[in-house]
Colleague: 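Dropping a structure here in structure tokens format, bear with me for questions.
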2 protein chains.
Amino acid sequence: MLNKTRLYDLLDFINRYCDENGFPPTVRDICKEMSIKSTATAYDYINRLKEMGLLNKTENKKRAVSVTRSDSVRVPLIGTVTAGQPIFATENYDGYYALPSAEFRGDGLFLLRVQGESMIDAGIFDGDKIVVQKQSDAENGDIVVAMFDDGISEGATVKRFYRREGKIVLHPENATMQDFVLEEESGVVILGKVVGLLRSFS
Amino acid sequence: MLNKTRLYDLLDFINRYCDENGFPPTVRDICKEMSIKSTATAYDYINRLKEMGLLNKTENKKRAVSVTRSDSVRVPLIGTVTAGQPIFATENYDGYYALPSAEFRGDGLFLLRVQGESMIDAGIFDGDKIVVQKQSDAENGDIVVAMFDDGISEGATVKRFYRREGKIVLHPENATMQDFVLEEESGVVILGKVVGLLRSFS
DNA sequence: AAAAAGTTAGAACATTTGTTTGCGTTTTTG
DNA sequence: CAAAAACGCAAACAAATGTTCTAACTTTTT
């Protein structure tokens with residue numbers, strides 16, 4: 001049996017190569033890197049990795065290998081949401097962010113910039129970006145992004161969600177702030193559940 | 001002048017194609033998608049985009065186009081660091097994580113899992129992953145990862161860094177905890193400065 | 001309307017690159 | 001130890017794909 005380390009080395013190389021160049025290596029590139037003297041050997045290696053399910057490969061195409069584990073998810077940043085005073089989430093499409101798929105998977109993810117201090121006790125600070133999983137309902141204790149229009153103000157906000165005695169409670173994680181208590185039928189819309197957070201100290 | 005919209009459509013297509021397949025399209029793939037009847041035309045388009053700096057392309061190579069904006073950085077997760085009791089950072093290489101290059105750039109980045117509550121007031125919670133920029137010095141107020149060996153205990157820890165009166169102060173951001181005060185020559189080693197944070201609510 | 005510039009097409013060409021075959025060499029197996 | 005399997009190599013082949021050329025067509029300019 002061929003030394004498995006070598007196969008994983010190859011996998012690493014393919015990954016590195018893709019990162020650096022934006023496209024996969026050829027069989028001959030692999031030869032050079034791995035000090036393999038024949039393209040047939042490299043070709044073999046590739047097929048092993050394919051059988052092991054670690055590599056995708058389309059036959060007869062040039063540079064058509066790709067590492068199975070796509071290690072990042074592209075998630076759109078769609079605007080800012082205020083955690084304090086509810087202001088309408090600006091639906092600015094602000095480009096895509098790559099997040100590690102080891103942490104975040106599935107469809108319907110998006111990012112929102114957080115403005116305000118209302119979730120500070122939950123470790124969500126002003127300026128953080130939250131990763132939101134799109135869903136229209138939530139369970140008690142979830143941190144959610146919710147939109148409401150109670151006639152006075154409207155907008156999106158980040159709060160911890162509770163359903164209590166037929167009412168919806170949006171609870172800011174900040175000792176100095178009050179809960180929002182709303183009727184079920186008051187037009188509260190859950191946009192999604194907060195599943196992650198990204199912060200960068202400038 | 002050729003309709004620019006069409007060029008941007010092409011750029012979008014290349015992006016989409018790469019996302020879906022893990023490798024870039026060929027000139028002929030582009031023809032099909034854009035309803036272009038000649039490879040020469042598609043070839044032209046590619047060169048325009050290259051001149052505009054929106055596309056990288058290596059000559060004579062197959063599938064060797066790549067969209068300029070490389071949107072993610074690969075950062076290794078190298079272990080766990082305790083924010084409370086200093087325990088040695090397990091140098092487990094735990095694979096690479098993709099982080100958005102819009103937020104994190106440059107070399108010498110790594111990730112550490114945080115254990116403990118000592119930085120809770122700075123919004124760094126137990127289980128968070130911190131993004132660390134490798135550097136051997138720090139400025140007052142920086143949050144750093146530091147190693148020390150004072151004879152009693154040794155290990156790595158996350159603390160806010162101050163240099164005061166010839167001593168080094170490692171300040172936990174947790175009201176219930178004490179500062180570590182160390183001599184300059186006591187063998188404190190700054191591993192890096194915390195520049196970001198990644199959290200995923202399980 | 002004529003000329004010029006820009007754009008597309010079709011075909012041929014040049015190269016890169018995936019794939020196959022057969023033969024030594026090494027390692028495992030009985 | 002012999003047979004078999006696994007492995008690696010070189011060379012040749014075939015296909016995919018980048019590149020170039022010239023002519024036709026379209027739009028803009030004079």
Side-chain angles (χ1 to χ4, degrees), chain A residues 1-70, chain B residues 1-70:
Chain A
M1 185 57 184
L2 186 144
N3 189 358
K4 276 201 175 175
T5 313
R6 213 157 152 67
L7 283 179
Y8 284 108
D9 282 351
L10 172 53
L11 207 60
D12 272 354
F13 167 64
I14 296 177
N15 259 319
R16 229 179 320 126
Y17 190 102
C18 288
D19 267 359
E20 283 166 18
N21 300 284
F23 48 84
T26 67
V27 176
R28 283 165 183 81
D29 288 335
I30 292 171
C31 284
K32 220 179 259 172
E33 169 72 18
M34 307 281 294
S35 306
I36 295 172
K37 302 220 182 95
S38 166
T39 56
T41 307
Y43 189 68
D44 243 43
Y45 280 31
I46 291 175
N47 281 325
R48 304 274 183 89
L49 285 172
K50 191 182 175 185
E51 276 167 28
M52 294 164 73
L54 297 172
L55 205 64
N56 290 324
K57 172 173 175 303
T58 314
E59 300 197 0
N60 291 323
K61 288 196 169 179
K62 322 293 179 175
R63 289 180 192 276
V65 294
S66 69
V67 179
T68 296
R69 160 191 64 83
S70 159
Chain B
M1 185 55 184
L2 184 144
N3 189 359
K4 275 200 179 177
T5 312
R6 214 158 150 64
L7 283 179
Y8 284 107
D9 282 350
L10 173 54
L11 208 59
D12 274 351
F13 168 65
I14 296 177
N15 258 317
R16 230 179 318 127
Y17 191 101
C18 289
D19 269 357
E20 284 167 17
N21 299 285
F23 48 84
T26 67
V27 176
R28 283 164 183 83
D29 288 335
I30 292 171
C31 284
K32 222 179 256 177
E33 169 73 18
M34 307 283 291
S35 307
I36 295 171
K37 301 219 180 97
S38 166
T39 56
T41 307
Y43 189 70
D44 241 46
Y45 280 32
I46 291 175
N47 282 324
R48 304 274 183 89
L49 285 171
K50 189 181 177 185
E51 276 167 28
M52 294 163 75
L54 297 172
L55 206 62
N56 290 323
K57 175 176 174 302
T58 315
E59 299 196 2
N60 290 323
K61 287 197 172 182
K62 323 293 178 174
R63 292 181 189 275
V65 295
S66 70
V67 178
T68 298
R69 157 195 64 83
S70 157

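Each chain gets a letter, A, B and so on, in the order the sequences are listed, and its residues count up from 1.
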Colleague: What about A:S38: does its side chain form a donor-acceptor pair under 3.5 Å with the base of D:dG8?
Modeller: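 No, no donor-acceptor pair under 3.5 Å.
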Colleague: Among C:dT7, C:dA9, C:dT21, which nucleotide sits nearest the side chain of A:A40?
Modeller: C:dT21
Colleague: To the nearest 0.5 Å, tell me how far B:I30 CD1 sits from B:E33 CD.
Modeller: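 CD of B:E33 is found 9.5 Å from CD1 of B:I30.
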Colleague: Has the side chain of A:T39 got a donor or acceptor that lies under 3.5 Å from a partner of the other kind on the base of C:dT19?
Modeller: yes
Colleague: I need the CG-P distance between A:L7 and D:dA6, as an integer number of Å.
Modeller: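 After rounding, the reported distance stands at 15 Å.
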Colleague: Have a look at A:T26 and say if it touches a base, only the backbone sugar-phosphate, or nothing, with a 4.0 Å heavy-atom cut-off.
Modeller: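 The residue A:T26 makes sugar-phosphate contact but no base contact.
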Colleague: Can you identify which nucleotide, out of D:dC7, D:dG8, C:dT19, has its nearest atom closest to the A:Y45 side chain?
Modeller: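 So the nucleotide nearest the side chain must be D:dG8.
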Colleague: Can you tell me the distance, in whole Å, between the CD atom of B:E51 and the P atom of C:dG6?
Modeller: 12 Å
Colleague: Distance check needed: D:dG18 C1' versus B:I46 CD1, whole Å only.
Modeller: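 One finds 9 Å between C1' of D:dG18 and CD1 of B:I46, rounded.
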Colleague: If you compare all heavy atoms of B:Y17 against all heavy atoms of B:D29, which two are closest, and at what distance to 0.1 Å?
Modeller: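 In this case the closest contact between B:Y17 and B:D29 is OH-OD2, 3.2 Å.
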Colleague: Over how many whole Å does the gap from A:I36 atom CD1 to D:dC7 atom C1' extend?
Modeller: 11 Å
Colleague: Separation of A:R28 atom CZ from D:dC9 atom C1', in whole Å?
Modeller: 14 Å
Colleague: Indicate the atoms forming the closest heavy-atom contact of B:L54 with B:L11, along with that distance.
Modeller: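 So the two residues come closest at O-CD1, 3.8 Å.
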Colleague: Using atom CE of B:M34 as one end and atom P of C:dT7 as the other, report the distance to the nearest whole Å.
Modeller: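 It works out to 14 Å between those atoms.
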Colleague: Side chain of A:Y43 only, please: which of C:dT7, C:dT20, D:dC9 is the nearest?
Modeller: C:dT20
Colleague: Thinking salt bridges, do A:R48 and A:D44 make one under a 4.0 Å N-O criterion?
Modeller: yes
Colleague: Rounded to the nearest Å, what distance is computed from the CG atom of residue B:D44 to the P atom of nucleotide C:dG6?
Modeller: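 So the two atoms are 12 Å apart, to the nearest Å.
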Colleague: Among C:dG18, D:dC9, C:dG10, which nucleotide has an atom closest to any side-chain atom of B:K37?
Modeller: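 Among C:dG18, D:dC9, C:dG10, the one nearest the side chain of B:K37 is C:dG10.
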Colleague: Please state how far atom CZ in A:F23 lies from atom P in C:dG18, giving the value in whole angstrom units.
Modeller: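 Distance check: A:F23 CZ to C:dG18 P gives 12 Å.
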Colleague: Would you mind telling me which of C:dG18, C:dT20, D:dG18 lies closest to the side-chain atoms of A:K57?
Modeller: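 Nearest to the side-chain atoms of A:K57, counting from C-beta on, is C:dG18.
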Colleague: Search all heavy atoms of B:I36 against all heavy atoms of B:A42 and return the closest pair with its distance.
Modeller: CG2-N, 4.0 Å
Colleague: On the nucleotide C:dT7, are OP1 or OP2 found under 4.0 Å from the side-chain N or O atoms that B:R6 carries?
Modeller: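 Result: no.
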